[in-house]
Student: 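Okay, handing you the structure first.
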Amino acid sequence: MGNRDKKVSMAVVRRLPRYYRYLGELLKHDITRISSKELSQRMGVTASQIRQDLNCFGGFGQQGYGYSVEYLYKEIGNILGLYNGYTTIIIGAGNLGRALANHSNFEKRGFKLAGIFDISDDLIGEEVRNIEIMHMDKLDEFVKLHRVDIAVLAIPKQGVSEVAQRLANLGVKGLWNFSYTDLNIESDVNIENVHLSDSLMTLSYQITQKN
Ligand code: NAI
């Protein structure tokens with residue numbers, strides 16, 4: 001088991017959170033084991049895709065038994081780093097920053113929110129979910145004193161590169177970037193650009209093709 005050193009393709013990695021969600025649902029319904037066929041029917045992907053994906057990690061199934069749901073759930077969580085206690089900060093306490101801060105599901109997935117930062121004097125000192133909004137002037141000191149693994153960028157695209165570079169220089173490991181620009185900075189920091197409108201435009205395409 002566990003061929004963990006092998007580099008897993010990002011295409012597979014991007015499917016893992018979905019497996020994790022489905023397995024979590026199965027666990028909630030006290031389903032303790034499942035065949036790749038059953039899982040494939042629920043998820044709308046082929047059984048061979050599931051077997052191939054999970055084989056990237058040495059496979060977790062046993063012939064004739066299927067997969068142990070709890071074991072697979074935990075292993076995928078482990079692979080995704082969900083038990084590493086990653087902490088996050090949010091940069092930008094506007095509509096989006098607050099919505100993300102208020103979304104407690106991220107905490108349930110293991111990502112603890114440690115701080116919220118903004119540049120607007122009007123917002124400094126306000127609280128979102130018992131976390132005080134701090135001024136960006138305090139960022140460097142905060143990151144040096146606390147463990148910060150991930151920064152959520154919920155600020156306008158003007159100036160986001162500068163903020164991203166600053167965070168990378170401070171040693172933050174990952175940037176979850178919601179600003180409408182694909183970040184490209186001088187650092188090996190991991191960046192995940194999120195564009196909700198990409199998903200909306202994909203839906204638009206589907207409606208358009210149908211008509
Ligand atoms: P907003 O205007 O409500 O909030 C932006 C906040 O960022 C303000 O509080 C502002 O003071 C703060 N800010 C500006 N520059 C800053 C800096 N350098 N450092 C720290 N804080 C700074 O805007 P909203 O609606 O929250 O959106 C934030 C950004 O996210 C926008 O650029 C928007 O286009 C983008 N967005 C992206 C989505 C996506 O799917 N990627 C979805 C929704 C919004």
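In each ligand, atom 1 is the first atom listed, and ligand 1 is the first ligand listed. The model shown is predicted, which means the values in this text are computed figures rather than measured ones.
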Student: Check contact between Gly159 and ligand 1, using heavy atoms of the residue and a distance below 4.0 angstrom.
Tutor: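 Per 4.0 Å heavy-atom rule, Gly159 does not contact ligand 1.
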Student: Near Val194, which atoms of ligand 1 are under 4.0 Å from a heavy atom of that residue?
Tutor: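 That gives atoms 39 (C), 40 (O), 41 (N) of ligand 1.
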Student: Should you measure from each heavy atom of Leu123, which atoms of ligand 1 turn up under 4.0 Å away?
Tutor: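 Checking each atom against Leu123, I get 9 (O).
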Student: Give the atom numbers and elements of ligand 1 that come within less than 4.0 Å of a heavy atom of Val163.
Tutor: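 Ligand 1 atoms under the 4.0 Å threshold to Val163: 18 (N).
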Student: What do you reckon, are the aromatic ring centroids of Trp176 and Phe111 less than 6.0 Å apart?
Tutor: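 No, too far apart.
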Student: When you measure from atom 21 (N) of ligand 1 to each heavy atom in Ile133, Leu139, Ile155, which option holds the nearest one?
Tutor: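 The option holding the nearest heavy atom is Ile155.
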Student: Is there at least one pair of N or O atoms, one from Ser179 and one from ligand 1, spaced under 3.5 Å apart?
Tutor: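 Between Ser179 and ligand 1, no N or O pair is found under 3.5 Å apart.
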Student: May I ask you to check whether Asp118 has an N/O atom sitting below 3.5 Å from an N/O atom of ligand 1?
Tutor: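 Checking ligand 1 against Asp118, an N or O pair does fall under 3.5 Å apart.
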Student: Is there a salt bridge (charged side-chain N to carboxylate O under 4.0 Å, His left out) between Arg129 and Glu107? Walk through the geometry before answering.
Tutor: CA-CA 12 Å; Arg129 262 182 61 215; Glu107 306 250 320; 3.6 Å; yes
Student: Do Arg147 and Thr87 have a side chain donor and acceptor closer than 3.5 Å?
Tutor: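 Distance-only check fails for Arg147 and Thr87.
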Student: Are Leu54 and Leu72 side-chain neighbours, meaning at least one heavy-atom pair lies under 4.5 Å?
Tutor: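 They are in side-chain contact.
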Student: Is the shortest distance from atom 2 (O) of ligand 1 to a protein heavy atom below 4.0 Å?
Tutor: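 No, no protein heavy atom sits under 4.0 Å from atom 2 (O) of ligand 1.
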Student: Is Phe178 in polar range of ligand 1, meaning some N or O pair under 3.5 Å apart?
Tutor: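 Yes, since at least one N or O of Phe178 sits under 3.5 Å from an N or O of ligand 1.
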Student: Can you confirm, on distance only, whether ligand 1 has an N/O atom lying under 3.5 Å from any N/O atom belonging to Ile91?
Tutor: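 No, no N or O pair falls under 3.5 Å.
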Student: I'd like to check which ligand 1 atoms, numbered from 1 as shown, lie under 4.0 Å from a non-hydrogen atom of His195.
Tutor: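 Near His195, the atoms of ligand 1 are 40 (O), 41 (N).
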Student: For atom 23 (O) of ligand 1, is the nearest protein heavy atom closer than 4.0 Å?
Tutor: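 Under the 4.0 Å cut-off, atom 23 (O) of ligand 1 has no protein heavy-atom neighbours at all.
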